[in-house]
Trainee: 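Sharing a structure here in structure tokens format.
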2 protein chains.
Amino acid sequence: MSDTDIFKVLADPTRRAVLERLADDELTATQLREGFAISQPAMSQHLAVLRGAGLISERREGRFAHYRVAPDGLAPLHAWIARYRAFWPSRIDNLKDLLKEMDQ
Amino acid sequence: MSDTDIFKVLADPTRRAVLERLADDELTATQLREGFAISQPAMSQHLAVLRGAGLISERREGRFAHYRVAPDGLAPLHAWIARYRAFWPSRIDNLKDLLKEMDQ
DNA sequence: CGCTCACATAAGCACAGACTTATGTGATTC
DNA sequence: GAATCACATAAGTCTGTGCTTATGTGAGCG
């Protein structure tokens, strides 16, 4: 999965919203569709794209498909950002502050 | 500049390569074009997109346009990633390791 | 076994985006 | 001041992508 592909996948607001909704729970395709003004095939296609990018994983149970986030999916994105740490000190400092805040 | 726009801008490999070439130096549009199999207007359009996204800044000097990275440009991307820290502990740990490594 | 449900796939459409060539603009050079 | 240089803008083309409706597939239910 190339950097270009990762960015393309995440450039779609529906797909990013799906990731956010999967943050807490594992959800089925129908459950994910609630609140979106989108057809069932459209959601199915988005889920296929997210799965192809390694950002979510699927667990089949009968006729239901349960989706959850794949923890290593965003690794390429992190790797890309990490390349900028050398010439981007101020932002890294902010990130450090963020992580420090997390520890509390 | 929305998250969607940031991701769209960075989804183009030429634009990401431009950012990498601007990591060290401030460069002109013509200098940036070296090594790319791309026309002059295409590069000009990419630079306009990057500038519109707040990822680079322009300094005009006579007929030359000097471009450099805008240090706060990737802030929205960081903010988006930060939203995942709550349910994404393993990756954050890796990021911590990265930052620790940086300090040396 | 026929129907419905959950989801995937197919096919077609419409818009967005990256590219091209052509041209415009303003600064420099002779 | 005419030509050239660095770059921007215009306009058109072509491909990719996200959406739709229609249909396929396989599981559960009466």
Side-chain angles (χ1 to χ4, degrees), chain A residues 1-22 25-70 77, chain B residues 1-22 25-70 73 76-77:
Chain A
M1 184 64 20
S2 72
D3 287 344
T4 296
D5 291 329
I6 283 283
F7 278 110
K8 274 192 199 170
V9 169
L10 293 174
D12 185 277
T14 301
R15 287 195 287 262
R16 287 201 315 282
V18 164
L19 283 182
E20 292 184 14
R21 292 200 58 184
L22 289 179
D25 304 310
E26 185 185 64
L27 294 173
T28 68
T30 299
Q31 287 170 334
L32 277 169
R33 203 157 79 82
E34 290 166 12
F36 288 99
I38 211 177
S39 67
Q40 176 266 320
M43 177 59 77
S44 183
Q45 287 159 15
H46 280 307
L47 292 170
V49 170
L50 285 166
R51 194 164 178 276
L55 289 166
I56 62 175
S57 64
E58 189 193 61
R59 181 174 64 85
R60 298 309 290 261
E61 191 178 355
R63 54 182 164 170
F64 297 93
H66 300 268
Y67 291 97
R68 64 187 143 185
V69 292
L77 191 58
Chain B
M1 185 63 22
S2 72
D3 287 345
T4 295
D5 291 330
I6 283 282
F7 279 109
K8 274 191 200 172
V9 169
L10 293 174
D12 185 277
T14 302
R15 287 195 285 262
R16 287 201 315 283
V18 164
L19 283 182
E20 292 184 14
R21 292 200 58 184
L22 289 178
D25 303 309
E26 185 185 63
L27 294 173
T28 67
T30 299
Q31 286 171 333
L32 278 169
R33 202 157 81 83
E34 290 166 12
F36 288 99
I38 210 178
S39 67
Q40 175 267 318
M43 177 58 77
S44 183
Q45 286 159 16
H46 280 307
L47 291 171
V49 170
L50 285 166
R51 194 166 178 275
L55 288 167
I56 61 175
S57 65
E58 190 192 60
R59 181 175 63 84
R60 299 309 290 261
E61 191 179 354
R63 54 183 165 171
F64 297 92
H66 300 266
Y67 291 96
R68 63 188 146 185
V69 292
L77 191 59

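Just so it is clear: chains get the letters A, B, ... in the order the sequence lines come, proteins before strands, and each one is counted from 1. In this text the structure is predicted, and so the values were computed from the model without any measurement.
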Trainee: At under 4.0 Å between heavy atoms, what does Arg51(B) touch on the DNA or RNA strands: base, sugar-phosphate, or nothing?
Mentor: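 Since no nucleic acid heavy atom lies under 4.0 Å of Arg51(B), the category is nothing.
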
Trainee: Considering only heavy atoms of chain A and a distance under 4.0 Å, specify the first and last nucleotide of DNA chain D in 5' to 3' order that meet this criterion.
Mentor: dT17(D) to dG28(D)

Trainee: Could you tell me which non-hydrogen atom of Ile6(B) sits nearest to which non-hydrogen atom of Gly73(B), and how far apart they are?
Mentor: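 Looking at all heavy atoms of both residues, the shortest contact is CD1-O, 3.8 Å.
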
Trainee: My understanding is that only residues two or more places apart in sequence, or in another chain, count here; which of them pass side-chain contact (heavy atoms from CB on, under 4.5 Å) with Arg68(B)?
Mentor: Glu26(B), Ser57(B), Arg59(B)

Trainee: Decide side-chain hydrogen bond (donor to acceptor under 3.5 Å, both in side chains) for Glu61(B) and His66(B); before the verdict, give the C-alpha distance in whole Å, the side-chain angles of both, and the deciding distance to 0.1 Å.
Mentor: CA-CA 7 Å; Glu61(B) 191 179 354; His66(B) 300 266; 3.1 Å; yes

Trainee: Show the nearest heavy-atom pair for residues Leu22(A) and Tyr67(A), with the distance to one decimal.
Mentor: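 Scanning both residues, the minimum pair turns out to be CD2-O, 3.3 Å.
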
Trainee: Evaluate the side-chain proximity of Asp3(A) to Leu10(B): yes if any heavy-atom separation is below 4.5 Å, no if none is.
Mentor: no

Trainee: Is the side chain of Asp12(B) donor-acceptor paired with the backbone N or O of Thr14(B) at a distance under 3.5 Å, no angle test?
Mentor: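 Judged by distance alone, yes, a pair lies under 3.5 Å.
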
Trainee: Go through residues 58-66 of chain A and report each residue with a non-hydrogen atom lying under 4.0 Å from DNA chain C, sorted by number.
Mentor: Glu58(A), Arg63(A), Phe64(A), Ala65(A)

Trainee: Show the nearest heavy-atom pair for residues Asp5(A) and Met1(A), with the distance to one decimal.
Mentor: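 Looking at all heavy atoms of both residues, the shortest contact is CB-SD, 3.4 Å.
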
Trainee: Counting only non-hydrogen atoms, which of residues 29-48 of chain A are less than 4.0 Å from DNA chain D?
Mentor: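 Only Ile38(A), Ser39(A), Pro41(A), Ala42(A), Gln45(A), His46(A) qualify.
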
Trainee: Tell me, do Phe36(A) and Arg21(A) make a side-chain contact under 4.5 Å, heavy atoms counted?
Mentor: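 Of all side-chain heavy-atom pairs linking Arg21(A) with Phe36(A), at least one is under 4.5 Å.
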
Trainee: Without placing hydrogens or testing angles, list every side-chain donor-acceptor pair under 3.5 Å for residues 37-56 of chain B, not counting sequence neighbours.
Mentor:
unit_1	atom_1	unit_2	atom_2	d
Ser39(B)	OG	Ala42(B)	N	3.3
His46(B)	ND1	Arg15(B)	NH1	3.1

Trainee: Can you give me the N/O atom pairs linking the protein to nucleotides 13-15 of chain C at distances under 3.5 Å, or say none if there are none?
Mentor:
none

Trainee: Within this structure, what is the OG1-CD distance for the pair Thr28(A) and Glu58(A), rounded to the nearest 0.5 Å?
Mentor: 11.5 Å

Trainee: Closest heavy-atom contact between Ala11(A) and Phe7(B)?
Mentor: CA-CB, 3.5 Å

